[in-house]
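Take this structure, written in structure tokens, and hold onto it; I'll ask about it next.
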There are 2 protein chains.
Amino acid sequence: MLRVTKLADYAIVMLTCFASHGGATHNARDVAREARLPLPVVSKVLKRLTREGLLTSHRGIRGGYGLARQPHEITVADIIRALEGPIAVTECADKVKGDCGLETKCPVRANWHMINQAIHGALGKITLAEMARPLQQQYVNISEPLSTGQSGTTSAQVL
Amino acid sequence: MLRVTKLADYAIVMLTCFASHGGATHNARDVAREARLPLPVVSKVLKRLTREGLLTSHRGIRGGYGLARQPHEITVADIIRALEGPIAVTECADKVKGDCGLETKCPVRANWHMINQAIHGALGKITLAEMARPLQQQYVNISEPLSTGQSGTTSAQVL
DNA sequence: AGCATTTTGGACTGATTTGGTACTATTTTG
DNA sequence: CAAAATAGTACCAAATCAGTCCAAAATGCT
């Protein structure tokens, strides 16, 4: 669990196709074929990504979709947020005003908020450009925050 | 989105109660009163936590629940996993054998797996002991891994 | 032995979310 | 004007989630 929805998953696969093709425009049918996903689903996701500003669209007989920004300017967090709304691990993590009955004295809430920020930060650091080229693995540095070295890069703990 | 279920949220609140009371045993009714949650829900969560090995239980008239391990030996990842199963951001992130039709040539899969590990690592680093004492905020250091300072502690980006 | 209390396990239900499809409009090109 | 493509929305089936309830087993106490 702690799942991302399938639609967000599809979105990342689809956007990866765009990124690996140098930002050319594709129509929904081509994307569906390349991503091997049913056309209605692809169409739905593309529409939503466009409305959220990650893609640009052109209608008409030669229309299609294209990336609105450079691949390295689109993060995984952007994509998830576009399809699922704000990233909030718990219900009270994104609310300013807590109304869970435990509001002020709930010691867990502040911690949740921080965990949420941590995850959000991790997802916001991975760009589409990095997702497009496989097995590029030096962009996340979450593990061992206070124990071992902090040499800045290339310390991602994979597997 | 990217939500944790309410049950897991409750579980953390409830376990925090145990931790802040020095590991004494409480029965379901007392936990419900302290956590201000309905008794059936509390009971359900306690049962599951026991079955997953995070709590020990004693039946009978003086029975109740107690932490199976020390608070600093129980992580948030443990708790989430107990209530929701393995932490997997996407469906293919925890499978060894992918059957999504894109298996081998899917470049996104490996990256998802790494993202998953990153989140898992973050949640596995926060213990119940740290959740119990509020606003202790130097245990996560996810943000700014390669940009600004990395002084080891107290660089968690809160808010 | 018997009783009150507590956990255990499962089933069950209503609500919400998700995945996916369909249909109708609107825009653009030729 | 016709064809092709996107835009928007509505819709439905399936899955998941939240919460409740009940009967059974275990335990301690008198």
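Chain naming here is simple, since letters A, B, ... match the order of the sequence lines and numbering starts at 1 in each.
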- Message: Contact between B:K44 and B:P40 at the side-chain level, heavy atoms closer than 4.5 Å - yes or no?
- Response: no
- Message: With heavy-atom distances below 4.5 Å as the criterion, would you say the side chains of A:L49 and A:V45 are in contact?
- Response: yes
- With respect to the phosphate group of C:dT8, does any side-chain polar atom (N or O) of B:Y65 fall under 4.0 Å of OP1 or OP2? yes
- Message: Whole angstroms only, please: what is the CZ-C1' distance between A:R48 and C:dG19?
- Response: 10 Å
- Message: Within the 4.0 Å heavy-atom criterion, would you say B:L7 contacts the bases, only the backbone, or no part of the nucleic acid?
- Response: sugar-phosphate
- Message: On DNA chain D, compare the nucleotides closest to A:K44 and B:V4; which residue's is nearer the 5' end?
- Response: A:K44
- Task: Indicate yes or no: at least one non-hydrogen side-chain atom of A:I79 is less than 4.5 angstrom from one of A:L15.
- Result: yes
- Query: Is the phosphate of D:dA7, meaning OP1 or OP2, less than 4.0 Å from a side-chain N or O of A:S43?
  - Reply: no
- Item | From C:dT21, D:dA18, D:dA7, nucleotide with atom closest to B:K6 side chain | D:dA18
- Among the nucleotides D:dG8, C:dT8, D:dT20, which one has an atom lying closest to any side-chain atom of A:R51? D:dG8
- Using atom CG of A:L2 as one end and atom P of D:dT16 as the other, report the distance to the nearest whole Å. 16 Å
- Message: Looking at C:dT17, I'd like to know if its phosphate oxygens (OP1 or OP2) sit under 4.0 Å from a side-chain N or O belonging to A:T5.
- Response: no
- Minimum-distance nucleotide to B:A28 side chain [options: D:dA7, C:dT7, C:dG20]: C:dT7
- Note on the structure: Out of D:dC29, C:dT28, D:dA18, minimum distance to the side chain of A:I61 belongs to C:dT28
- Nucleotide D:dC22, atom C1' - distance to CG of B:L39 in whole Å: 14 Å
- Query: Starting at CZ of A:R3 and ending at P of D:dT16, how long is that distance when rounded to a whole Å?
  - Reply: 9 Å
- Note on the structure: Closest to the 5' end of DNA chain C, once A:R59 and A:A8 are matched to their nearest nucleotides, is A:A8
- Message: Can you measure B:R33 atom CZ to C:dT6 atom C1' for me and round it to whole angstrom units?
- Response: 15 Å
- In whole Å, what is the span from the NZ atom of A:K47 to the P atom of D:dA10? 13 Å
- Provide, to the nearest angstrom, the distance between the OH atom belonging to B:Y10 and the P atom belonging to D:dG19. 4 Å
- Task: Ignoring backbone atoms, establish whether A:R62 has a side-chain N or O less than 4.0 Å from OP1 or OP2 of D:dA4.
- Result: no
- Query: Would one find a side-chain N or O of A:R29 under 4.0 angstrom from OP1 or OP2 of D:dA5?
  - Reply: yes
- Are B:D78 and B:R81 close enough for a salt bridge, meaning some N to O gap below 4.0 Å? yes
- NZ/NE/NH1/NH2 to OD/OE distance under 4.0 Å, B:R33 and B:D30: yes
- Query: Just how far, in rounded Å, is P of C:dG9 from CD of B:E52?
  - Reply: 11 Å
